[in-house]
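A short write-up of the structure that comes next.
Every heavy atom of this structure was used, including side-chain atoms; hydrogens, water molecules and symmetry mates were not.
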Amino acid sequence: QLQLVESGGGLVQPGGSLRLSCAAAGFTLGYYAMGWFRQAPGKEREGVACISGVGTDGSTYYVDSVKGRFTISIDNDVDTVYLQMDSLKPEDTAIYFCAANPMAACGSNFHSPNEYHFWGQGTQVTVSS
């Protein structure tokens with residue numbers, strides 16, 4: 001059974017940091033382009049970051065609002081993708097999802113949910129004082 005499981009969400013003060021993890025089960029995560037998305041109440045799901053898989057240049061993509069603050073990375077030995085989030089802002093509050101795109105390389109459409117076939121259940125991130 002193919003499965004993605006996120007963890008690491010929680011409550012953090014503005015300016016703080018969190019690291020989200022997404023562990024894969026039932027497939028080799030490194031052969032996919034892996035994305036992180038988020039969805040705030042009343043808003044559409046937004047693509048946050050993407051990392052290209054094995055056999056590509058390993059390129060990463062970020063939405064402008066998180067560039068310089070968030071870092072996506074992957075550990076193929078444990079089939080886990082991470083999202084390091086620093087300098088968090090209240091507007092980063094959302095449910096964060098990881099997703100797998102069977103195309104190994106991220107592209108200009110990395111932010112489109114339609115590009116991804118497998119999704120995790122999400123983890124809540126709340127940035128508040």
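T71 places none of its side-chain heavy atoms less than 4.5 Å from the side chain of L83. Contact of the V125 side chain with the L18 side chain is registered, since non-hydrogen atoms from C-beta on lie closer than 4.5 Å. With a 4.5 Å cut-off on side-chain heavy atoms, I95 and T123 do not count as touching. Counting only heavy atoms from C-beta outward, the side chains of M34 and L4 approach each other to under 4.5 Å.
For N114, there are no side-chain hydrogen bond (donor to acceptor under 3.5 Å, both in side chains) partners two or more places apart in sequence or in a different chain. With sequence neighbours left out, A25 forms a side chain to side chain contact (heavy atoms under 4.5 Å, CB included) with Q3. Under the side chain to side chain contact (heavy atoms under 4.5 Å, CB included) criterion, A99 pairs with F37, Y116, W119, not counting sequence neighbours. Legend: residues meeting side-chain hydrogen bond (donor to acceptor under 3.5 Å, both in side chains) with N109, ordered by chain and number and at least two apart, are absent. Residues that satisfy the ring pair (Phe, Tyr, Trp, His ring centres under 6.0 Å) test with Y31, not counting sequence neighbours, are absent from this structure. The side chain to side chain contact (heavy atoms under 4.5 Å, CB included) test applied to S129 returns P14, not counting sequence neighbours. Scored by the salt bridge (charged side-chain N to carboxylate O under 4.0 Å, His left out) test, D64 finds K67 as partners (sequence neighbours excluded).
The backbone N or O of L29 lies less than 3.5 Å from a partner atom in the side chain of D79, making a donor-acceptor pair. A donor-acceptor pair under 3.5 Å is absent between the side-chain atoms of Q84 and the main chain of I72, judged by distance alone. Remark: the backbone N or O of S87 is paired with a side-chain donor or acceptor of R69 at under 3.5 angstrom. Side chain of E6 to backbone of Q121: a donor-acceptor contact under 3.5 angstrom is found. Put simply, the side chain of T93 never gets that close to the backbone of E91: no donor and acceptor are under 3.5 Å apart.
Within the structure, salt bridge (charged side-chain N to carboxylate O under 4.0 Å, His left out) pairs that include any residue of residues 19-42 comprise R38-E46, R38-D92 (at least two apart or interchain). Pairs of residues two or more places apart, or lying in two chains, that qualify as ring-ring contact (aromatic ring centres under 6.0 Å, His included) and include a residue from residues 41-99 are Y61-F110. Within the structure, salt bridge (charged side-chain N to carboxylate O under 4.0 Å, His left out) contacts touching residues 103-122 (residues at least two apart or in different chains) do not occur. The side-chain hydrogen bond (donor to acceptor under 3.5 Å, both in side chains) pairs that include a residue from residues 47-59 are S52-S59, D57-S59, where partners are two or more places apart or lie in different chains. Within the structure, the disulfide bond (SG atoms under 2.5 Å apart) test picks out the following pairs touching residues 100-129 (sequence neighbours left out): C50-C106.
To the nearest 0.5 Å, atom CG of residue N101 and atom NE2 of residue H117 are 6.5 Å apart.
Contact between A105 and A33 at its shortest, heavy atoms only, is C-CB, 3.9 Å. For the pair P102 and A100, the tightest heavy-atom approach, listed with the atom from each and the gap, is CD-O, 3.9 Å.
F118 and V54 end up in the same hydrophobic cluster when Ile, Leu, Val, Met, Phe, Trp and Tyr side chains are linked at under 4.5 Å. Following chains of ILVMFWY side-chain contacts shorter than 4.5 Å, one can reach V63 starting from W36, so the two form part of one hydrophobic cluster.
Between T80 and D75, the side chains place no donor N or O within less than 3.5 Å of an acceptor N or O (distance only, hydrogens not considered).
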